[in-house]
Q: 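Below is one structure. I have some questions about it.
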Amino acid sequence: QVRLVESGGGSVQAGGSLRVSCTPSGYTPSRYCVGWSRQAPGREREGVATIWTAYGSTDYADSVKGRFTVSNDNAKFTLQMNNLIPEDTAMYYCASDFRCLVKYGGGWSLSPADFRFWGQGTQVTVSS
């Protein structure tokens, strides 16, 4: 069973930066998919970033493109969030599965439904 441990997050003013990290443990194949999703109160969980470890290729939701960057440093995955806005306030979750799915039109799927293993979540709060 894959286990994902998250760290980071916190509170920042609009325009600031935060990062959240995720470290998988347990059975992890040589190639796997890691995604970041977020869920604000009263809203559905939405995927914001995906990375395929085989090539380091990534995909991002339009709402965070150009501001968020996901990276992999020896199986420690980090979501760097810059130029944060209040709408980014949410619980952020790391997720993983053994493969990334391709979404319609190309690119990696961001859908939370495509990931089976989940971290506990970490809070990100952006004040105006």
Q: So, do Phe115 and Tyr32 have ring centers that fall under 6.0 Å from each other?
A: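 Distance test on ring centres: not under 6.0 Å, no.
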Q: Is it true that Lys76 and Asp73 make a salt bridge, defined as a side-chain N closer than 4.0 Å to a carboxylate O?
A: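 Looking at Lys76 and Asp73, the cut-off is not met.
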Q: Under a 4.5 Å cut-off applied to non-hydrogen side-chain atoms, are Tyr60 and Val70 in contact?
A: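 They are in contact (side-chain heavy atoms under 4.5 Å apart), so the answer is yes.
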Q: Looking at Gly47 and Ala61, what are the two nearest heavy atoms and their distance?
A: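 In this case the closest contact between Gly47 and Ala61 is O-CB, 3.7 Å.
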Q: Applying side-chain contact (heavy atoms from CB on, under 4.5 Å), run through Val34 and Trp52 and close with a yes or a no.
A: CA-CA 7 Å; Val34 173; Trp52 170 233; over 6 Å; no
Q: Is the closest side-chain donor-acceptor distance between Trp108 and Ser57 under 3.5 Å?
A: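 Checked: Trp108/Ser57 side chains pair up, N/O donor to acceptor below 3.5 Å.
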Q: Might you work through the side-chain contact (heavy atoms from CB on, under 4.5 Å) test for Ile51 and Trp36, ending with a clear yes or no?
A: CA-CA 9 Å; Ile51 182 168; Trp36 290 95; 6.0 Å; no
Q: Can you tell me how far the CD atom of Glu6 sits from the CE atom of Met91, to the nearest 0.5 Å?
A: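 It comes to 9.0 Å.
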Q: Picking from Cys33, Ser111, Ser109, what satisfies side-chain contact (heavy atoms from CB on, under 4.5 Å) with Leu101?
A: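 Among Cys33, Ser111, Ser109, the one that satisfies the side-chain contact (heavy atoms from CB on, under 4.5 Å) with Leu101 is Ser109.
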Q: Give the minimum heavy-atom separation between Pro24 and Ala75, together with the two atoms involved.
A: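 Closest approach of Pro24 to Ala75: CD-O, 3.2 Å.
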Q: Verify the distance criterion only: is there a donor paired with an acceptor across the side chains of Thr78 and Ser21 at less than 3.5 Å?
A: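 On atom types as modelled, these side chains qualify, holding a pair under 3.5 Å.
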Q: Could you pull out the closest heavy-atom pair between Gly9 and Val124, with the gap in Å?
A: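 Where Gly9 meets Val124 most closely, the heavy atoms are CA-CG2, 4.0 Å.
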Q: Quick one: pull up CD in Gln13 and OG1 in Thr125 and give me the separation to the nearest 0.5 Å.
A: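 Between atom CD of Gln13 and atom OG1 of Thr125 there are 12.5 Å.
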Q: In the structure I gave you, are the side-chain heavy atoms of Arg38 and Glu46 within less than 4.5 Å of one another anywhere?
A: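 Side-chain contact under 4.5 Å: yes.
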Q: Let me confirm one number: the CG-SG distance from Asp114 to Cys100, rounded to the nearest 0.5 Å.
A: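 That separation rounds to 9.5 Å.
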Q: Checking Glu87 now: which residues fulfil salt bridge (Lys or Arg N to Asp or Glu O under 4.0 Å) with it, not counting sequence neighbours?
A: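 Testing Glu87 for salt bridge (Lys or Arg N to Asp or Glu O under 4.0 Å), a comparison that skips the adjacent residues, returns none.
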Q: How many angstroms lie between CD in Gln123 and OG1 in Thr89, if you round to the nearest 0.5 Å?
A: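 Answer for the CD-OG1 pair, Gln123 versus Thr89, is 7.5 Å.
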Q: Between Arg67 and Ile85, is the side-chain contact (heavy atoms from CB on, under 4.5 Å) condition met? List the steps.
A: CA-CA 10 Å; Arg67 300 188 298 120; Ile85 59 178; 4.1 Å; yes
Q: Please assess Arg31 against Tyr55 for the test side-chain contact (heavy atoms from CB on, under 4.5 Å), listing each intermediate value before the final yes or no.
A: CA-CA 9 Å; Arg31 301 177 178 185; Tyr55 308 112; 4.2 Å; yes
Q: Report the distance from atom OG of Ser71 to atom CD of Gln80, rounding to the nearest 0.5 Å.
A: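 Atom-to-atom, Ser71:OG and Gln80:CD are 8.0 Å apart.
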Q: Quick check: closest heavy atoms across Val48 and Leu110, and the distance to 0.1 Å?
A: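 Looking at all heavy atoms of both residues, the shortest contact is C-CD2, 4.1 Å.
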Q: Say you draw a straight line from CZ of Arg116 to CG of Asp97; how long is it, rounded to the nearest 0.5 Å?
A: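 Atom-to-atom, Arg116:CZ and Asp97:CG are 4.0 Å apart.
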Q: Please say whether more than 12 non-hydrogen atoms of neighbouring residues, nucleotides or ligands are located less than 6.0 Å from CZ in Arg19.
A: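 Not more than 12 within 6.0 Å, no.
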Q: Of all the heavy-atom pairs spanning Ser128 and Ala14, show the shortest one and how long it is.
A: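 Looking at all heavy atoms of both residues, the shortest contact is CA-CB, 4.4 Å.
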Q: What orientation do Trp118 and Tyr93 show, parallel under 30°, tilted 30 to 60°, or perpendicular over 60°?
A: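 Rings of Trp118 and Tyr93: perpendicular, as their planes differ by over 60°.
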Q: Specify the closest pair of heavy atoms between Gln120 and Leu4, including all atoms of both residues, with the distance to one decimal.
A: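 So the two residues come closest at OE1-O, 3.6 Å.
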Q: I'd like to check Leu79 versus Tyr92 (side-chain heavy atoms, cut-off strictly below 4.5 Å). Are they in contact?
A: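 Yes, side chains in contact.
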Q: With side-chain hydrogen bond (donor to acceptor under 3.5 Å, both in side chains) as the criterion, how do Thr53 and Asn72 come out once you've worked through the C-alpha distance, each side chain's angles and the decisive distance to 0.1 Å?
A: CA-CA 8 Å; Thr53 62; Asn72 175 14; 5.6 Å; no
